[in-house]
Amino acid sequence: MSRLEAKKPSLFISEPLTTVSQPLSLLIAILKSCYGPAGRLKQLHNGVGGYVCLTSQSSAILGHLSVSHPVLKVLTASVQNHVSRFSDCGLFTAILCCSLIENFKNLNIASCTIIKISKHLLSLCTDYLKSKACGCQVSVDFSNLETLLCLVRSILTSKPACMLNKTEVDCLAVLIVKAFMYTVPCHPETKPVLGKCVTVPLKGKRVLDSTVIPGLLIETPEIQFAKPFSVKRTSSDAVKVVVFCVSMSGDLFDPEEGTVTVHHKISLEMSELDQLLNVGKQLVNDEVGLVVCQKVIHPSLKQYLKDNHIIAVDRAGLSVMEPLSQVTGSKPIASIYSLSPSCYGSLKDVRAESFASKHFVHLIPNDTTVCSLILCNRNETTWDELKRACETAEHVLQLTLKEPLALLGGGCTETHLASYLRQKTCCLSTSSSKDVECSPTQYQLITDAFCHSLESVACSLSHDGGEILTDMAYGHCWLVPSGFPSASNWSDLLSKCGCGINSSTKDLNWRHLQPLFGSSPIESCPKEPSGKVTDFMTLDCFAAKYNGLQVAVETANLILDLSCVIEDQN
């Protein structure tokens with residue numbers, strides 16, 4: 001077939017950074033305006049109707065935002081990859097990356113030099129964050145739930161589209177930590193495997209009606225089971241379970257799958273139904289008490305099972321197959337022609353439950369690592385946002401279990417790192433500049449740009465025009481409410497730093513954080529926090545922020561190294 005239109009030549013863009021200034025400024029303005037507990041919400045839709053998303057979360061924003069500039073496509077793809085792996089710190093990563101590109105681009109220094117020095121500065125940051133001397137690192141003790149609750153509360157409060165008040169945040173934080181604890185095996189093996197928390201939606205109800213139930217809830221479309229509810233048991237008082245992941249509706253083969261030869265007077269429908277009933281007879285003989293099918297069960301088979309006191313649940317859906325296998329120990333059966341008793345599982349009990357207007361079958365195992373979080377919120381939009389926040393919190397707890405550390409939140413880690421870098425490089429600027437073959441002036445300019453980028457992330461937490469300060473002792477971030485003159489006595493206005501670990505005292509000296517290159521370093525390396533880890537302090541996931549820092553710097557370096565972009569126009 002001949003082409004209807006001539007093939008277009010590829011578009012060649014030389015020096016793409018020269019054209020990215022305006023779209024980059026727009027992207028960073030959008031991202032900064034969403035950052036933190038006071039972040040502004042964004043309404044995202046495609047302009048021709050369809051789904052409307054109201055959010056301030058990076059996963060939703062970057063997923064729905066249409067980006068056309070090739071440089072920004074690289075940036076957003078890199079951040080989305082980070083979010084897919086760590087769930088948290090997406091906005092931190094994106095804002096830092098954009099700030100680094102903006103600040104480095106404004107320096108009249110060769111890209112190769114900037115990349116060498118920024119890699120060196122990144123290694124200083126990562127080494128410090130991993131060291132025991134790090135002043136913004138917090139150890140997480142799983143025997144004390146307060147730190148875990150602080151982590152979860154920090155995630156929930158940073159998602160304003162969830163529309164939660166303090167009481168609701170505290171209630172949900174307890175539920176999320178409780179649900180996570182259910183998924184941790186009581187008797188860890190050589191390679192322990194975490195269980196699963198299944199979210200059950202209840203929209204239009206109060207957030208405080210949310211609850212956690214051990215075991216698995218499978219929704220049924222109507223009340224199928226008469227009360228008193230009874231289930232068939234084996235001689236050992238257990239409930240034998242079989243799970244099918246194949247349709248049991250009796251449907252015939254798809255004509256596209258091949259040709260079927262049928263003898264005269266043979267009905268394929270009746271043959272298929274006979275086979276299903278044979279399966280039902282074997283289940284009765286094997287003392288099965290519960291049959292769960294991912295798809296549809298034929299009404300005749302369902303009635304046959306009911307007459308023999310076997311509970312049949314169909315249309316369970318793909319999402320419950322994995323937790324169902326974990327709860328019951330069964331292996332999903334993919335064919336009605338090969339039914340092996342070795343695939344059966346067992347349960348301690350099966351009950352009928354009702355929550356609001358929904359009805360469920362509650363599967364109760366002997367030793368569960370699966371639980372159901374019944375999640376309530378006022379409407380569909382806030383529920384969707386809350387579900388994303390709960391999934392992020394669950395993933396953060398899993399990452400923290402693997403590496404039991406957290407970082408101070410509220411902008412304090414960023415400002416503390418910037419203070420540490422300024423002090424460290426002030427002492428090492430001559431020797432370090434020789435190592436990367438640049439002048440001390442170039443080294444200092446790039447360091448200032450790097451530190452300013454870190455501080456700009458902390459500055460993004462303020463959305464109402466208040467002052468942003470850092471103290472000269474601990475290097476923490478302090479937010480001053482708007483409406484106070486700049487000449488005020490800051491110690492009288494401030495109570496706690498951004499993370500909540502330090503209290504304001506008369507002895508602290510302050511400096512403004514708003515964009516000032518070449519700010520003087522603090523007199524010595526930042527000190528350890530003056531307080532202890534307390535309730536209601538703000539914490540960030542260590543693994544997510546550590547990786548986000550690396551992704552931001554490496555992506556900025558990659559973009560700075562771009563000399564041209566070749567784009568196919570066909």
Side-chain angles (χ1 to χ4, degrees), residues 37 41 51-60 63 83 87-88 145 148-184 194-221 316-324 326-327 351-364 368-399 541:
L41 306 184
Y51 180 72
V52 176
C53 178
L54 188 69
T55 186
S56 65
Q57 296 190 44
S58 61
S59 58
V83 173
S87 298
D88 199 21
L145 296 183
L148 299 180
L149 289 171
C150 286
L151 259 175
V152 175
R153 273 195 291 258
S154 301
I155 291 168
L156 294 176
T157 53
S158 68
K159 309 293 185 286
C162 296
M163 305 293 183
L164 302 176
N165 58 38
K166 183 181 179 300
T167 304
E168 291 168 342
V169 168
D170 292 341
C171 172
L172 279 175
V174 171
L175 290 179
I176 291 168
V177 172
K178 182 179 178 181
F180 171 72
M181 289 302 181
Y182 273 128
T183 66
V184 180
L194 288 177
K196 200 165 185 67
C197 175
V198 178
T199 304
V200 179
L202 273 185
K203 300 167 187 176
K205 305 295 290 182
R206 297 186 315 151
V207 175
L208 297 178
D209 292 331
S210 302
T211 187
V212 174
I213 296 178
L216 182 64
L217 291 176
I218 301 178
E219 186 177 355
T220 55
L318 178 62
S319 60
V320 301
M321 286 294 109
E322 183 184 351
L324 189 58
Q326 285 183 302
V327 165
R351 298 175 187 169
E353 303 277 6
S354 296
F355 297 96
S357 59
K358 291 190 175 183
H359 308 283
F360 302 89
V361 177
H362 184 194
L363 312 185
I364 305 171
T368 183
T369 56
V370 175
C371 65
S372 299
L373 171 61
I374 300 175
L375 188 61
C376 308
N377 213 340
R378 301 166 185 83
N379 54 57
E380 186 171 353
T381 300
T382 54
W383 188 89
D384 289 343
E385 188 78 352
L386 183 58
K387 181 175 185 287
R388 281 192 289 265
C390 291
E391 288 172 347
T392 298
E394 182 189 5
H395 194 185
V396 163
L397 292 174
Q398 292 170 355
L399 293 170
C541 173

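Only a predicted model underlies this, so the values are computations on that prediction, with no experimental measurement involved. Hydrogens, waters and symmetry mates play no part in the numbers below; they use all other heavy atoms, side chains included.
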- request: Start with the C-alpha gap between F355 and L217, add the side-chain angles, then the distance that decides, and say whether side chain to side chain contact (heavy atoms under 4.5 Å, CB included) holds.
  value: CA-CA 11 Å; F355 297 96; L217 291 176; 3.9 Å; yes

- request: Would you sort out whether I176 and L397 count as a side chain to side chain contact (heavy atoms under 4.5 Å, CB included), showing the intermediate values?
  value: CA-CA 9 Å; I176 291 168; L397 292 174; 4.2 Å; yes

Criterion side-chain hydrogen bond (donor to acceptor under 3.5 Å, both in side chains) on D170 and T167, from CA distance to verdict: CA-CA 5 Å; D170 292 341; T167 304; 5.9 Å; no

- request: Go through the steps for N379 and M163 under the test side chain to side chain contact (heavy atoms under 4.5 Å, CB included), then give the verdict.
  value: CA-CA 10 Å; N379 54 57; M163 305 293 183; over 6 Å; no

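Counting heavy atoms from C-beta outward, K358 and L202 have side chains that approach closer than 4.5 Å. Taking the side chain as every heavy atom from C-beta outward, Y51 and D384 approach each other to under 4.5 Å. With contacts defined as side-chain heavy-atom distances shorter than 4.5 Å, the pair I155/H395 does not qualify. At least one side-chain heavy atom of L164 sits less than 4.5 Å from a side-chain heavy atom of L386.
The existence of a salt bridge linking R388 and E391 is excluded, since no basic side-chain nitrogen approaches an acidic carboxylate oxygen closer than 4.0 Å.
Between the side chain of E168 and the backbone N or O of N165 there is at least one donor-acceptor pair closer than 3.5 Å. Put simply, the side chain of T183 never gets that close to the backbone of L194: no donor and acceptor are under 3.5 Å apart.
In this structure, K203 places its NZ atom where more than 12 heavy-atom neighbours from other residues, nucleotides or ligands lie under 6.0 Å away.
V212 pairs in a side chain to side chain contact (heavy atoms under 4.5 Å, CB included) with only one of the listed residues (L175, L375, V174), which is L175.
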